[in-house]
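Working notes for the structure below.
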2 protein chains.
Amino acid sequence: MVQTKPTLSADDWADAALDAMVDGGLDGVAVEPLARKLGVTKGSFYWHFANRDALIRASLERWASRETEQIIERAKGVRQPRKRIQTVFKAANGSEREGHLYLALAAASRDPRVADFVHKVSQRRLDFLAECYRALGLTARDARKWATFAYSTFLGTLQLRRDNPSALPPGPVFNEYLRLLIETLIPRPGEQPPAAAEQAA
Amino acid sequence: MVQTKPTLSADDWADAALDAMVDGGLDGVAVEPLARKLGVTKGSFYWHFANRDALIRASLERWASRETEQIIERAKGVRQPRKRIQTVFKAANGSEREGHLYLALAAASRDPRVADFVHKVSQRRLDFLAECYRALGLTARDARKWATFAYSTFLGTLQLRRDNPSALPPGPVFNEYLRLLIETLIPRPGEQPPAAAEQAA
DNA sequence: GTTTTGCCATACTTTCCCGTATGGATGCGC
DNA sequence: GCGCATCCATACGGGAAAGTATGGCAAAAC
């Protein structure tokens, strides 16, 4: 498939495994098909890894560290609380592949190896979101509720985009939809909530 | 496993297949393991079904019809628009197994057989929800947006319950959380949205 | 220039499951 | 009580992928 590199590295195998998870979930990670896709044979694989289990663990490790760092980097720069949350939302809906990968791994979360990583990543995201909501002036308790609310909505939207894209508002209306989400999911403590304006339109 | 019935029916196999999907997704539906769980052999299976594909299709058919009818039955009785939507929410979060099953099938929605059914079920639910929102006095356009919003939140909450239960508010706070969802996701056209009261608390 | 080392190919064996072929048992029609 | 349909067991062949064992081959080491 790709002959740019003379030899493969363990990370190449891990990335290929993550690609395979997007399509086939955990069962999609099969050594021989991966080898065919990489243009080599199993001999290469068993040089870099002890077995299939080691590949899966390495891939998950790679995924988790990448996911927890990206969340921070994209939003930590924005200082204004409302803008920061909006940035998180935009970034979250940005990469389609990452979204599919998350859903694929979450679906395999019955596997004990996967469960730990999915738990860790979602926990990291929720904590960061709750922190953002606290910066808005909410109590810790309310911030947690709103963070969970927003994250759930994000996860659900992700799933709809994958399983029933036609259900989401088409083209221009989709932007209205996103604005509705953002306005509703970022309360203005002390001010009048924005939903009223939306319904007046 | 179960010796209550002298012989098995095709529906027994279909139900067992749905149970297997909850745990192992589509790949979890394997003829020989199912036979072992039912206390019979493959000979029984291939009497009732032509092959594994037929079993999968029959199971999906059974699931889809059940899902689309349950949604109607539980909520059609409630006439008041707000109460009706609340009923839908409560019912949706009711059966844990049905939620897991939906997520398992959605995860397998890359399979063309599954895709059609998942699409159909989610579409049916969204249409009904949009209808409920229209009864609130929203325009068709706004009703669709709010229905999508609410359904996404429902899906995401379902996923959190499965993959990271500890992330959801514990015990008593969870009820507050559900109230927040309901109050926020059911706008009051013309009146002041309820989020203000929530934040004042 | 020979020897090692890194990376991979080839050729097995084993396991698990699908699908088929065929025979056996039980119960009903008549 | 004979025959037939229903429902299931047993035995077999085949494919796909995990893991092992071993040989090959180029580049670096010396």
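Just so it is clear, the model here is predicted, and its values are computed rather than measured. Heavy atoms only: backbone and side chains are in, while hydrogens, waters and symmetry mates are out. Naming: A, B, ... by sequence-line order, numbering from 1 per chain.
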note: A/R52, atom CZ; D/dT20, atom P; distance rounded to Å ~ 15 Å
Round to a whole Å and report the spacing from CG of A/L34 to P of C/dC8.
14 Å
Considering only side-chain heavy atoms of A/W47, which listed nucleotide, D/dG19, C/dG6, D/dT6, is closest?
C/dG6
What's the closest nucleotide to the side chain of A/S44 if the choices are C/dA9, C/dC18, D/dC8?
C/dA9
Using atom CD of B/E32 as one end and atom C1' of C/dC17 as the other, report the distance to the nearest whole Å.
5 Å
Specify the separation, in whole Å, of atom OH of B/Y46 and atom C1' of C/dG23.
19 Å
Are B/K120 and B/D116 ion-paired here, with the side-chain N under 4.0 Å from a carboxylate O?
no
Nearest-angstrom distance from the residue atom CG of A/D53 to P of D/dG19
8 Å
For B/D15, check side chain to side chain donor-acceptor pair (under 3.5 Å) against everything at least two apart and list the hits.
B/R62
Using whole Å, report how far CG of A/L38 lies from P of C/dC8.
10 Å
For the pair B/W63 and B/Y102, name the ring-plane relationship: parallel under 30°, tilted 30 to 60°, perpendicular over 60°.
tilted
Polar side chain donor-acceptor pair, A/S109 to A/D111, under 3.5 angstrom
no
Distance check: side-chain N/O of B/R36 vs OP1/OP2 of C/dC17, anything under 4.0 Å?
yes
Would you call A/R124 and A/E67 a salt bridge, taking side-chain N to carboxylate O under 4.0 Å as the test?
no
Please compare A/K42 and B/F45 by the position of their nearest nucleotide in DNA chain C and report the one closer to 5'.
A/K42
Distance check needed: D/dA17 P versus A/L55 CG, whole Å only.
15 Å
Between A/G43 and A/P33, which has a closest nucleotide on DNA chain D that is more 5'?
A/P33
side-chain N/O B/H48 vs D/dT6 OP1/OP2, d < 4.0 Å
no
Nearest whole angstrom, please: distance from the P of C/dT26 to the CG of B/L8.
17 Å
